[in-house]
Amino acid sequence: TLPSQLVSLSKFLSLVLRHDPAAIGLGLDEQGWTSIDRLLACAAAAGKPIDRAMLDQIVAQNDKRRFSISADGLRIRAAQGHSVAVDLGLAAREPPAQLFHGTATHFLKAILAQGLRPQSRQQVHLSADADTARNVGQRHGKPVVLCIDTQGMRREGHTFFQADNGVWLTDHVPAEFLGLA
Ligand code: HQG
């Protein structure tokens with residue numbers, strides 16, 4: 001796991017690469033990538049000096065593998081979780097029969113009425129196991145885990161994607177495919 005100083009820089013990188021690149025004068029391309037040299041220069045100018053070795057450690061030891069570096073080593077992006085519009089360019093993938101979504105009990109009524117919506121993010125986040133989903137839900141309050149009938153959704157034409165860090169993504173989960181795990 002990351003030392004606490006690097007955890008705080010990792011949170012800063014999540015903010016910049018998922019939500020607000022303009023805060024440090026950075027741009028992302030359509031697929032969410034940005035030049036590492038430019039990122040490090042903009043971060044330094046914003047009072048967050050990060051060197052390449054630190055960045056590589058943040059990427060390699062990140063608990064949720066939040067960041068991906070391109071094969072040529074020159075660019076970086078957040079693996080998922082964006083609120084800014086990006087097209088990650090992921091190929092549709094056949095999901096396991098069940099996926100899970102962790103949320104808080106105070107959202108349940110709205111979710112069972114409207115289904116799962118991406119809210120401020122680009123897509124709905126789904127987990128392959130219930131324990132991971134519970135941890136995600138815990139961030140919002142008393143957790144509750146929902147299971148998703150992925151095969152029913154496939155039959156209705158819904159598509160699933162898997163981010164580089166293993167997180168499953170889809171655009172919307174209608175309530176009829178949700179159950180309590
Ligand atoms: C809920 C973190 C009302 C949804 C986590 C969730 C994950 C609805 C909240 C990643 C709703 C959005 C994503 C509806 C969904 N009515 N509420 N119709 N549909 N919701 O944070 O999935 O640590 O945007 O259940 O670990 O909680 O940041 O999404 O509770 O990986 O890397 O609206 O963020 O990763 O919350 O979390 P979020 P999420 P990081």
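Since the structure is predicted, the reported quantities are computational estimates derived from the model, not experimental observations. Counting convention: from 1, in listed order, for ligands and their atoms alike.
In terms of heavy-atom proximity, Phe67 sits nearest to Ala78 at CD2-CA, 4.2 Å. When all heavy atoms of Glu94 and Trp168 are compared, the pair lying nearest together is O-CH2, 3.5 Å.
Shown in contact with Lys64 at under 4.0 Å from a heavy atom are these atoms of ligand 1, numbered in order with element: 2 (C), 5 (C), 23 (O), 26 (O), 35 (O), 40 (P). Every atom of ligand 1 with a heavy atom of Gln114 under 4.0 Å away is listed here by number and element: 14 (C), 16 (N), 18 (N). Close approach of ligand 1 to Arg66 is summarised as follows: ligand atoms under 4.0 Å from at least one heavy atom of the residue are 23 (O), 32 (O), 40 (P).
Among His106, His19, His101, Gln119, the residue whose heavy atom lies closest to atom 20 (N) of ligand 1 is Gln119. The residue among Arg65, Gln138, His125 with a heavy atom at the shortest distance from atom 10 (C) of ligand 1 is His125. For atom 11 (C) of ligand 1, the nearest non-hydrogen atom from the set Leu15, Ile111, Leu146 belongs to Ile111.
Given atom 1 (C) of ligand 1, the protein heavy atom at minimum distance is Phe107 CD1, 3.8 Å. Atom 24 (O) of ligand 1 has its closest protein heavy atom at Arg121 NE, 2.7 Å. Ala110 CB, 3.4 Å is the protein heavy atom nearest to atom 16 (N) of ligand 1. In terms of protein heavy-atom proximity, atom 37 (O) of ligand 1 is closest to Arg139 NH1, 3.3 Å. Considering only non-hydrogen protein atoms, atom 6 (C) of ligand 1 sits nearest to His140 NE2, 3.8 Å. From the protein, the heavy atom lying nearest to atom 15 (C) of ligand 1 is Arg117 O, 3.3 Å.
Contact check for Ile50 versus Leu13: side-chain heavy atoms found under the 4.5 Å cut-off. Under the 4.5 Å side-chain criterion, counting only non-hydrogen atoms from C-beta, Val167 is not in contact with Lys64. Between Gln123 and His82, the closest side-chain pair of non-hydrogen atoms is not below 4.5 Å.
A side-chain contact (heavy atoms from CB on, under 4.5 Å) with Leu6 is found for one member of Leu55, Thr1, Asn62, Ile58 and no other, namely Ile58.
In this structure, a donor-acceptor pair under 3.5 Å is absent between the side chains of Asp37 and Ser35. Side-chain N/O atoms of Gln31 and Asp87 include no donor and acceptor closer than 3.5 Å.
By the 3.5 Å distance cut-off applied to N or O atoms, Ser120 is not counted among the residues near ligand 1. Considering both main-chain and side-chain atoms, Gly115 comes within under 3.5 Å of ligand 1 through a nitrogen or oxygen pair.
Counting non-hydrogen atoms of neighbouring residues, nucleotides and ligands closer than 6.0 angstrom, the CD atom of Glu30 reaches no more than 12 such neighbours.
Residue contact check for ligand 1: Arg18 places a non-hydrogen atom closer than 4.0 Å to it.
Between the side chain of Thr34 and the backbone N or O of Gly27, at least one donor-acceptor pair lies under 3.5 Å.
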